[in-house]
Peer 1: 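Shown below is the structure under consideration.
None of these values were measured; they are calculated from a predicted model. The sequence lines fix the lettering, A, B, ..., with proteins before strands; numbering per chain opens at 1.
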Amino acid sequence: MFSDRYNPREAEPKWQKAWDAAQSFKAEDGGGKPKYYVLEMFPYPSGRIHMGHVRNYAMGDVVARYKRALGMNVLHPMGWDAFGMPAENAAMQNGSHPAKWTYENIATMRSQLKSMGLSIDWSRELATCDPSYYRHQQKMFLDFLGAGLAYRKRAKVNWDPVDQTVLANEQVIDGRGWRSGAVVEQRELTQWFLRITDYAQDLLDALETLDQWPEKVRLMQKNWIGRSEGMLVRFELNGSEARELDVFTTRPDTLFGAKFLAVAPDHPLAREAAQRDPSVAAFIEDCKRTGTSAAAIETLEKKGVDTGVRAAHPFDPDWRLPVYVANFVLMEYGAGAIFGCPAHDQRDLDFANAYHLGATVVVCPAGQDPATAQVSDIAFDGDGVLINSGFLNGLTVAQAQEEVAKRLETDTLFGKPRGERRVSYKLRDWGISRQRYWGCPIPVIHCDDCGTVPVPDSQLPVALPDDVSFDRPGNPLERHPTWKNVTCPECGKPARRETDTMDTFVDSSWYFARFTDPHNETAPTSRAVADHWLPVDQYIGGIEHAVLHLLYSRFFTRAMEKTAHLGVIEPFKGLFTQGMVVHETYKDESGAWLFPADVNVSTDGASKRATARDDGRPVSVGPIEKMSKSKRNIVDPDDIIRDYGADTARLFMLSDSPPDRDVIWSEEGVQGAARFVQQIWRLVGSMSAVASPCGTQPGSLDEVAALEFRKTAHRRAQKVGEHLERLRFNTAVAEIRKLANELGALLQRIEEPPSAQMSVAIREAAEMLVKLFAPMMPHLAEECWRALGHDAMLVSAAWPQVDPELASDDAITIPVQVNGKKRAELIVPADIDNGKLEAEALQNEAVQKALEGRMVRKVIIVPRRIVNVVV
RNA sequence: GCGGACGUGGCGAAACUGGUAGACGCAAGGGACUUAAAAUCCCUCGGGGCUUCCCGUGCGGGUUCGAUCCCCGCCGUCCGCACCA
């Protein structure tokens, strides 16, 4: 019955078909079982799956299969993040329609994923580019519009003059468009925005509740939201059409150190000054040309120009401060204007030094003489005592802030308080307009008479036209002959359709909700079903979405809750961010990158040699880096599955490194995993040869050797469960390997033929082993299960029941230390009392020797852990 | 500049809330089987004395009976944000 070698090429497709036929992974909306929703970030259909996908989906599949075996009703779906620029780029390059390109890629990648043996409910598959998906997104956009969560405004955006589209910030690399390489311009355009800032505080506060998220991601979101507390201070102006200027500050305590005010180049006050003064206009023009890349900012000098306007100090109407336009003030943050206190802010100091504006110290650091305190090049931003500050003198920074706040709240200017406490956020509203074809059309119509009119529900979806050309850059929807020409739904006159489409991050902001009811034709979700499944219990994906996708989704869920589509506000209860798959790089003498498949690597002793497979030319082995097409350090999952099988690939992806860290793909590593697959197969084969018949259960055993099998299996099963609960796949695998090694060793020692008790114990141990590795290597597990005599599939079997009695050791090894140094080991009963343990430790020969007759001062006993004798 | 994470054998790593440092694997070396190879099996594998000992978790200090783990100060690597008032 058992062949020597396990053949994944035969077994894997066979079991995949069997699971499919039995609909083993279909999630039921209801029933008595507790629900568990496990989801991996859905892929972009770029062409083929890569090793990162294999790792991501292998992890999710282990969780799904494990939870299923624990008796939970598991939802584990898959879909496609199918809109986006690469489809249009492909269309421009080789003329194929984005839809055709996308759906062909989906077909390829679907079959690749299926060959991995993932326990996915494929009946719920969705693609975001399908009108049956995006029609609901359009409906929700209109709901958001009605609820005030979507709006249109003119805003500064990154404009790629070659591709003629807006680019997201992350698509601008060192000031250039990532595809065209053209220098990106700042343009003012009218764009659609989602009001994520409405939820800034809530998104921040609720991070505290996400205790199953990595600390790192929560911190990144916190920094991104960027809350800071301060004051809005109103300054009376002189010499401007505006009579006052609002300024945001987090340091109102330093107001007596003010030397100037400064506004952003695009501040209304700057524009007004530009009309009066050509030098101001020239400066503003200059600012527009400056890049926004990190490198540009690093080297940028603080520059500004005096507007001629003067502002009165809020605490002294005779104290006049010059108002500058400055290149380091941002219109988007705070009030777009600041007051400069050079002594206590580095940027203000740099600016003041450049324009000889002076610096008065108003916060004296502890231990410094107020009379001599001064600054030259380094501003002091620490705590201290206020000086040179009138009524604030002698107060601490915190006290002074409170005092200033009280004073400004009660003082008035033009009948309103001079200042108010204000919380400011870095988070900006989410600009979702894209001048692109392959995205979800924004369902509005522009009418000269009626303005912006929502497309009526009855006309949804606003589908993309098929007959478009990509022979020129720009948006094909804009130049389509008829698509944008419509009649106004309100007045019936000719009107224009919105030709912008939505950012693809909108598509991915609610797909997890759609999976709960993917075929609903009338609504994005149905409340009862969505409320049952959501939130996602375990979400798994890359750290690169720490802010973007994960923050957008948190906002979108809140917006869907507000518009009555959902009953939850947090989409992902547990989040796990997995590491990347990395690989050595290979380069030949001409500097060309080589694929690992085209390189022979051999080891002579400790040194490593690499040559090209085709002509044997020498190849240098480069640093280990993230797998990327450009460096060719990629391994095709198809090749691995063909050569080794999916189980081997899955096992290796799970076993070598902790799941949140990078894993190095290596040929040796895969071979090690493949060896283990065969080892398991042989082990289960030899165990089944001596095991009792299928269905027999161990009763009470008295044979020590048989009991040893049971104890070993139960002990390891407990450990594996603990590791899986914590998503520690690498240590779970190690535990399974230990079990296999131990069972192999025990099997060597049994007498032939085995006793009845022994046979039953062996059956139990073999079945437990198979169940334990089934989440990781499901095909091998089914094949072993069948070989053990089962007719039913393992996929519907329960996780092993661990008997705590068997799992706990009855004898344990306890180290004995003398003054913290280990001197002996005692093997004692697990339940030994401290007195006996102490006596036994002190009697021990090695301990006695180490004591050298010295007086024992104290004996510390940590039960089940250690004995430390202090002399 | 700000914020964060991490530094353990030749390599990937393990060590639960302070309690035997190096589990499990990879590589390497030695051996068995074989005509031979592959596969498989056995042994060695942090360093040094090599029997019972000493040193060792980036470096320096501290707390503790006891520190990879906690505290302080350095050094290094990686990541995120970045003129955020």
Peer 1: For a quick test of reading the model: is some side-chain N or O of A:K821 closer than 4.0 Å to OP1 or OP2 of B:C55?
Peer 2: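 For B:C55, OP1/OP2 do have a side-chain N/O of A:K821 under 4.0 Å.
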
Peer 1: Indicate whether the side chain of A:D429 and that of A:T197 have a donor and an acceptor atom separated by less than 3.5 Å.
Peer 2: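 A donor-acceptor contact under 3.5 Å links the two side chains.
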
Peer 1: Tell me: NE2 of A:H549 to C1' of B:G80, nearest whole Å?
Peer 2: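 Spelled out: NE2 on A:H549 to C1' on B:G80 is 18 Å.
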
Peer 1: Under 4.0 Å: is that the gap between some side-chain N or O of A:R675 and OP1 or OP2 of B:C26?
Peer 2: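 So the side-chain polar atoms of A:R675 do come within 4.0 Å of the phosphate oxygens OP1 or OP2 of B:C26, strictly under.
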
Peer 1: Side chains of A:N327 and A:F283: closer than 4.5 Å at any heavy-atom pair?
Peer 2: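 In contact.
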
Peer 1: Just N and O in the side chain of A:N741: are any of them under 4.0 Å from OP1 or OP2 of B:G25?
Peer 2: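 True: A:N741 side-chain N/O within range (under 4.0 Å) of B:G25 OP1/OP2.
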
Peer 1: Taking only the side-chain nitrogens and oxygens of A:N868, find out if one of them lies under 4.0 Å from OP1 or OP2 of B:G19.
Peer 2: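 For B:G19, OP1/OP2 do not have a side-chain N/O of A:N868 under 4.0 Å.
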
Peer 1: If you assign A:R728 and A:K858 each to the RNA chain B nucleotide with the nearest heavy atom, which residue ends up on the more 5' nucleotide?
Peer 2: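 Comparing both residues, the 5'-ward one is A:R728.
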
Peer 1: Step through it carefully: locate the ring centre of A:Y324, locate the ring centre of A:F351, and say whether they are under 6.0 Å apart.
Peer 2: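 For A:Y324 and A:F351, the ring centres are under 6.0 Å apart.
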
Peer 1: So which one's nearest nucleotide on RNA chain B is more toward 5', A:V867 or A:N327?
Peer 2: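 Per heavy-atom nearest nucleotide, the more 5' residue is A:V867.
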
Peer 1: Which heavy-atom pair separates A:W224 from A:K426 by the least distance, and what is that distance?
Peer 2: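 A:W224 and A:K426 have their closest heavy atoms at O-CB, 3.7 Å.
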
Peer 1: Rounding to an integer number of Å, can you tell me how far A:I543 CD1 sits from B:C6 P?
Peer 2: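 Roughly 13 Å, once rounded to whole Å.
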
